[in-house]
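Within every chain, numbering begins at 1; the chains are lettered A, B, ... in the order of the sequence lines, protein sequences first and strands thereafter.
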Protein chains: 2
Amino acid sequence: MTNRPAESAAAAEAPEAEAGPRWLTETEQDTWRAYMHAYTLLEDHLDRQLQRDAGMPHIYYGLLVQLSEAPRRRMRMTELAQHAKITRSRLSHAIARLERNGWVRREECPSDKRGQLAVLTEEGFAMLGRSAPGHVAAVRAAVFDRLTPEQAAQFGEACRIIASGLQPAGADVPWLR
Amino acid sequence: MTNRPAESAAAAEAPEAEAGPRWLTETEQDTWRAYMHAYTLLEDHLDRQLQRDAGMPHIYYGLLVQLSEAPRRRMRMTELAQHAKITRSRLSHAIARLERNGWVRREECPSDKRGQLAVLTEEGFAMLGRSAPGHVAAVRAAVFDRLTPEQAAQFGEACRIIASGLQPAGADVPWLR
DNA sequence: TCATCTTTATTGAAACTTCAAGAATAGCCT
DNA sequence: AGGCTATTCTTGAAGTTTCAATAAAGATGA
């Protein structure tokens with residue numbers, strides 16, 4: 001995926017000043033592939049599990065959980081988008097759908113007339129209560145039951161490092177679009 | 001995400017035989033969140049990088065790379081789907097799009113009249129050559145430049161373990177759908 | 001051989017995401 | 001106040017993915 005597109009071997013010795021692209025080592029390639037396989041399979045697995053048991057994709061479920069943990073079970077759109085690391089556009093569409101399902105309701109923000117609050121409804125909350133056990137079980141079976149506590153901790157640390165490098169808050173930030 | 005939907009505290013002491021759902025510990029929750037943040041941000045980042053520089057999403061790029069590494073730069077649809085861990089349906093649509101772009105061409109399979117071969121075209125190959133350096137740089141900057149070799153290796157190992165648990169090849173296998 | 005079951009791949013529709021554009025309000029500066 | 005810029009959120013269209021259904025050919029077995 002990230003190695004040279006086969007063959008284009010070339011450069012390898014030349015101590016070029018202009019330094020050609022630093023391809024990944026064999027080990028790095030293996031790691032990268034493993035990562036892509038893991039997240040592709042995992043997302044697929046959880047999406048199916050939740051689609052079946054809760055009638056919505058993994059991300060939507062995550063949005064409801066976020067709301068359930070927020071004070072008064074409500075959150076500003078932008079804030080919710082930031083927490084979930086998605087764009088506001090995507091969130092708008094998502095909330096619209098969840099609203100049609102009756103899990104979420106929109107409310108105007110008292111302090112800022114531009115703002116909207118996404119509010120978890122009672123039905124939404126009840127629904128979470130019903131589907132959470134199954135979801136936790138799925139995550140546990142796929143991840144935490146298979147890694148030692150040390151492995152899990154290291155894995156988490158690596159993920160934190162990677163994530164921290166990706167929201168420079170500068171440049172053009174996705175969730176602001 | 002995977003903890004109880006806030007509040008539904010309850011059970012914690014009772015040595016129930018029926019064992020209620022085993023919620024995630026604080027540490028596990030942190031790990032799980034970090035993972036979701038990492039992959040969401042990473043996929044987003046790479047998708048944008050490739051969309052901008054190569055005119056296609058990350059997965060499509062991966063398909064071309066797979067083809068570039070295959071003998072004679074061609075592969076059976078099902079085989080390609082398996083390697084990429086995606087469904088055949090998704091692959092069909094993807095290849096159709098890449099074909100419109102001229103990066104891939106379909107050929108009939110000589111040994112099995114049901115089969116199709118996805119073949120990387122010269123333009124497709126040339127294009128890979130052009131965009132690979134930028135992509136590698138992006139992956140390196142986001143991942144391998146930020147982790148120590150040990151961390152990267154451990155991360156890879158964890159991913160391998162997770163991935164290996166998710167394709168039991170049994171039950172109903174996604175890429176066969 | 002015929003019937004049947006399996007495998008391969010595609011298709012269209014519905015659901016979801018991205019992208020660019022736009023409406024409304026807030027904030028700032030003179 | 002007035003004018004300008006920035007922020008918040010939504011929208012529609014285009015692109016992508018999922019899901020269920022289907023066509024075509026291989027494989028199996030009486």
Q. Can you check whether B:Arg88 has a side-chain N or O nearer than 4.0 Å to OP1 or OP2 of C:dT7?
A.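 For B:Arg88, the contact criterion (side-chain N or O under 4.0 Å from OP1 or OP2 of C:dT7) is not met.
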
Given atom [atom1] of [X] and atom [atom2] of [N], what is their separation to the nearest angstrom?
X: A:Ile59; N: D:dT18; atom1: CD1; atom2: C1'; result: 16 Å
X: B:His58; N: D:dG15; atom1: NE2; atom2: C1'; result: 18 Å
X: A:Ile86; N: D:dC9; atom1: CD1; atom2: C1'; result: 13 Å
X: A:Glu79; N: D:dT7; atom1: CD; atom2: P; result: 17 Å
X: B:Arg76; N: D:dG26; atom1: CZ; atom2: P; result: 10 Å
X: B:Leu50; N: C:dT18; atom1: CG; atom2: P; result: 14 Å
X: B:Glu43; N: C:dC16; atom1: CD; atom2: C1'; result: 16 Å
X: B:Glu108; N: D:dA25; atom1: CD; atom2: P; result: 10 Å

**Q.** Shortest side-chain distance from B:Arg90, nucleotide among D:dC9, C:dA9, D:dT17
**A.** D:dT17

Q: Look at the side chain of A:Lys113 and decide which nucleotide, out of C:dA9, C:dT25, D:dT17, has an atom nearest to it.
A: C:dT25

Between [X] and [Y], does at least one N-O distance fall below 4.0 Å, as a salt bridge requires?
X: B:Glu123; Y: B:Arg105; value: no
X: B:Asp145; Y: A:Arg22; value: yes
X: A:Glu99; Y: A:Arg97; value: no
X: A:Arg76; Y: A:Asp112; value: yes
X: A:Arg48; Y: A:Asp53; value: no

Which atoms of nucleotides 2-6 of chain D (N or O only) lie under 3.5 Å from a protein N or O atom, and what are those distances?
none

Q: Look at all strands and tell whether A:Arg100 reaches a base, only sugar-phosphate, or nothing, counting heavy atoms closer than 4.0 Å.
A: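 No contact.
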
Q. With sugar-phosphate meaning primed atoms plus P, OP1 and OP2, does A:Asp112 contact a base, only sugar-phosphate, or nothing at under 4.0 Å between heavy atoms?
A. sugar-phosphate

Q: Check each of A:Val104, A:Asn101, A:Leu98, A:Ile95 against A:Tyr60 using the side chain to side chain contact (heavy atoms under 4.5 Å, CB included) test, and report the only one that passes.
A: A:Leu98

Q: If the plane angle is over 60° it's perpendicular, under 30° parallel, otherwise tilted; pick one for A:Phe155 and B:Phe155.
A: parallel

Q: Return the orientation label for the B:Phe144 and A:Trp32 ring planes: parallel under 30°, perpendicular over 60°, tilted otherwise.
A: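 It falls in the perpendicular class, over 60°.
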
Q: Run the numbers on A:Met56 and A:Met127 for side chain to side chain contact (heavy atoms under 4.5 Å, CB included), then give the verdict.
A: CA-CA 11 Å; A:Met56 66 183 115; A:Met127 200 278 240; 2.7 Å; yes

Atom pairs under 3.5 Å, N or O on each side, protein against nucleotides 12-15 of chain C: can you list them with distances?
{"from": "C:dG12", "atom 1": "O6", "to": "B:His93", "atom 2": "NE2", "distance (Å)": "2.9"}

